[in-house]
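Treat the numbers as computed from the prediction; the structure is a model and nothing was measured. The chains referred to below are lettered A, B, ... by the order of the sequence lines, with proteins before strands, and numbering in each begins at 1.
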Protein chains: 2
Amino acid sequence: MSVDRDQVLRSAAAQLTRKGSSTMDEVAKASGISRATLHRHFAGRDALIRALEELGIQECEAALNAARLDEGTAGDALRRLVKEIEPAAGLLAFLVTENQLFEGDAQHEGWTRLDIRITDLFRRGQLNGEFRIDLSPVWLREALYGLVGSAAWAVLEGRVAAKDFSYLIAELLIGGAQRRVES
Amino acid sequence: MSVDRDQVLRSAAAQLTRKGSSTMDEVAKASGISRATLHRHFAGRDALIRALEELGIQECEAALNAARLDEGTAGDALRRLVKEIEPAAGLLAFLVTENQLFEGDAQHEGWTRLDIRITDLFRRGQLNGEFRIDLSPVWLREALYGLVGSAAWAVLEGRVAAKDFSYLIAELLIGGAQRRVES
DNA sequence: CCTCGATGAGACAAATTTGTCTCATAAGGG
DNA sequence: CCCTTATGAGACAAATTTGTCTCATCGAGG
């Protein structure tokens with residue numbers, strides 16, 4: 001009987017990813033509930049977006065933790081990270097393009113924490129000689145976000161297979177498109 | 001006295017990139033004109049978006065032509081393409097996230113043409129042995145879009161230098177983050 | 001069987017946005 | 001200098017969206 005708040009948030013994210021300007025009514029229908037119930041759980045549109053942001057941050061932090069970024073090579077850690085972040089990719093794809101989040105006030109502190117942890121991973125890869133140093137850790141991080149978003153969208157559109165998600169992102173980000181002569 | 005339609009479109013794109021839900025009034029102010037004048041040039045919000053789409057397609061096609069994708073190595077062609085597409089990156093970043101464009105009716109034919117040409121470039125690189133074959137041309141194309149969007153946004157936010165734009169995208173896409181042992 | 005709590009459907013006003021209109025003004029060409 | 005044209009400011013109604021409310025219904029648990 002009771003609505004599963006988490007499930008509502010996921011449906012809302014999916015709907016808003018498809019159409020960022022969805023009305024509360026469209027979001028409610030996409031979640032299979034009525035607009036009244038949606039309002040009972042989230043005070044308004046802003047509150048809904050904020051809740052999505054919180055959920056996204058939580059899932060990302062969980063993914064970062066599960067990926068154990070400090071262990072093994074930076075490349076392997078990155079591969080683990082991409083794999084762990086896959087379930088949250090749809091939500092992420094929406095949040096990344098939701099630039100309204102930093103409107104007026106500052107960016108959510110949670111994103112800053114995540115940014116730092118990911119940047120540190122790339123920095124570690126540079127310091128131990130795995131990664132090239134002419135691409136800054138900040139750019140590599142932004143590129144990772146972009147690729148995750150692109151891949152999530154491509155999967156939604158059926159342009160790439162969902163099972164290839166993490167492979168495509170990690171391999172492109174780490175190895176690039178260029179064919180290696182040999183190892 | 002007369003409004004520069006092209007300049008209005010560029011300002012509109014910049015404003016809409018910052019905030020996708022900008023009202024016509026916000027767009028007008030961002031363009032330095034009144035809402036009445038904005039309406040005189042574009043019948044409505046939809047017409048404005050469509051005009052932005054047309055402009056984006058035109059600029060992309062011009063970039064594709066200027067990059068001479070069939071000449072030289074695929075890698076060099078890709079580098080030229082990224083360089084040529086830089087002026088349109090802001091507009092592109094908006095259009096890519098504007099998923100409302102394919103709402104209901106089919107995707108604009110212009111995008112399909114562009115998609116094909118870019119995909120063909122990656123395919124050419126694979127056929128001549130430059131690019132690895134485990135990353136499909138379609139994915140490489142989507143990844144390019146994602147990286148262009150990420151880079152455009154990162155430049156806007158001041159996270160990366162504008163002068164590095166094309167280098168960062170092309171080098172990451174082609175070579176990846178991994179450091180090469182030697183050439 | 002009854003009660004309580006959550007939900008769906010819908011009404012409603014308020015707020016926002018849009019599209020259209022008028023009028024005054026400034027700019028530019030003849 | 002005058003006349004044409006485009007613009008800015010603002011009024012206005014229509015449409016859309018939002019937030020709140022009421023009421024009936026459904027289902028679980030006692």
Peer 1: In this structure, how many angstroms lie between the C1' atom of D/dT18 and the NZ atom of A/Lys29, rounded?
Peer 2: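 Rounded to the whole Å, the gap is 14 Å.
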Peer 1: Does C/dG8 have OP1 or OP2 under 4.0 Å away from a side-chain N or O of A/Ser34?
Peer 2: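 For C/dG8, OP1/OP2 do have a side-chain N/O of A/Ser34 under 4.0 Å.
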Peer 1: Round to a whole Å and report the spacing from CE of A/Met24 to C1' of D/dT18.
Peer 2: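 Distance check: A/Met24 CE to D/dT18 C1' gives 8 Å.
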Peer 1: Nearest whole Å is fine: how far is C/dG8 C1' from A/Asp25 CG?
Peer 2: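 Rounding to the nearest Å, CG of A/Asp25 and C1' of C/dG8 are 12 Å apart.
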Peer 1: Across the strands shown, which category fits B/Arg35 at heavy-atom distances under 4.0 angstrom: base, sugar-phosphate, nothing?
Peer 2: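 Base, at least one base heavy atom under 4.0 Å.
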Peer 1: Any side-chain donor paired with an acceptor under 3.5 Å for B/Arg179 and A/Asn128?
Peer 2: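 There is no such pair (donor and acceptor under 3.5 Å, judged by atom type) between the side chains of B/Arg179 and A/Asn128.
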Peer 1: Take the protein atom CG of B/Leu38 and the nucleotide atom C1' of C/dT20, then report the distance between them rounded to whole Å.
Peer 2: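 In whole Å, C/dT20 C1' lies 14 Å from B/Leu38 CG.
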Peer 1: Identify whether the distance between the nearest side-chain nitrogen and carboxylate oxygen of B/Arg10 and B/Glu59 falls below 4.0 Å.
Peer 2: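 Yes.
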Peer 1: Taking the side chain from A/Glu61 and the backbone from A/Gln58, do they hold a donor-acceptor pair closer than 3.5 Å?
Peer 2: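 Flag not set: sc A/Glu61 to bb A/Gln58 has no pair under 3.5 Å.
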Peer 1: A/Arg5 CZ to C/dA6 P: how many Å, rounded?
Peer 2: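 So the CZ-P distance, A/Arg5 to C/dA6, works out to 15 Å.
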Peer 1: Would B/Arg50 and B/Glu53 pass as an ion pair if we require N to O under 4.0 Å?
Peer 2: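 The answer is yes: the pair qualifies as a salt bridge.
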Peer 1: Starting from P on D/dT16, measure out to CD on A/Glu26 and report it in whole angstrom.
Peer 2: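 In whole Å, D/dT16 P lies 12 Å from A/Glu26 CD.
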Peer 1: Using a cut-off of less than 4.0 Å, is there contact between a side-chain N or O of B/Arg45 and OP1 or OP2 of C/dT18?
Peer 2: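 The answer is yes; a side-chain N or O of B/Arg45 sits under 4.0 Å from OP1 or OP2.
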Peer 1: Taking CD1 from B/Ile33 and P from D/dA9, how many angstroms apart are they, rounded to a whole number?
Peer 2: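 For the pair B/Ile33 CD1 and D/dA9 P, the rounded distance is 11 Å.
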Peer 1: With the side chain of B/His41 defined as its heavy atoms from C-beta on, choose the nearest nucleotide among D/dG8, D/dT7, D/dG19.
Peer 2: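 Closest nucleotide among those given: D/dT7.
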Peer 1: Give a yes or no on whether a donor-acceptor pair under 3.5 Å exists between the nucleobase atoms of C/dG8, that is its base, and the side chain of A/Arg40.
Peer 2: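 A donor-acceptor contact between them is present.
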Peer 1: Atom NE2 of B/His39 and atom P of D/dT7: how far apart are they, to the nearest Å?
Peer 2: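 Atom-to-atom, B/His39 to D/dT7, this comes out as 15 Å.
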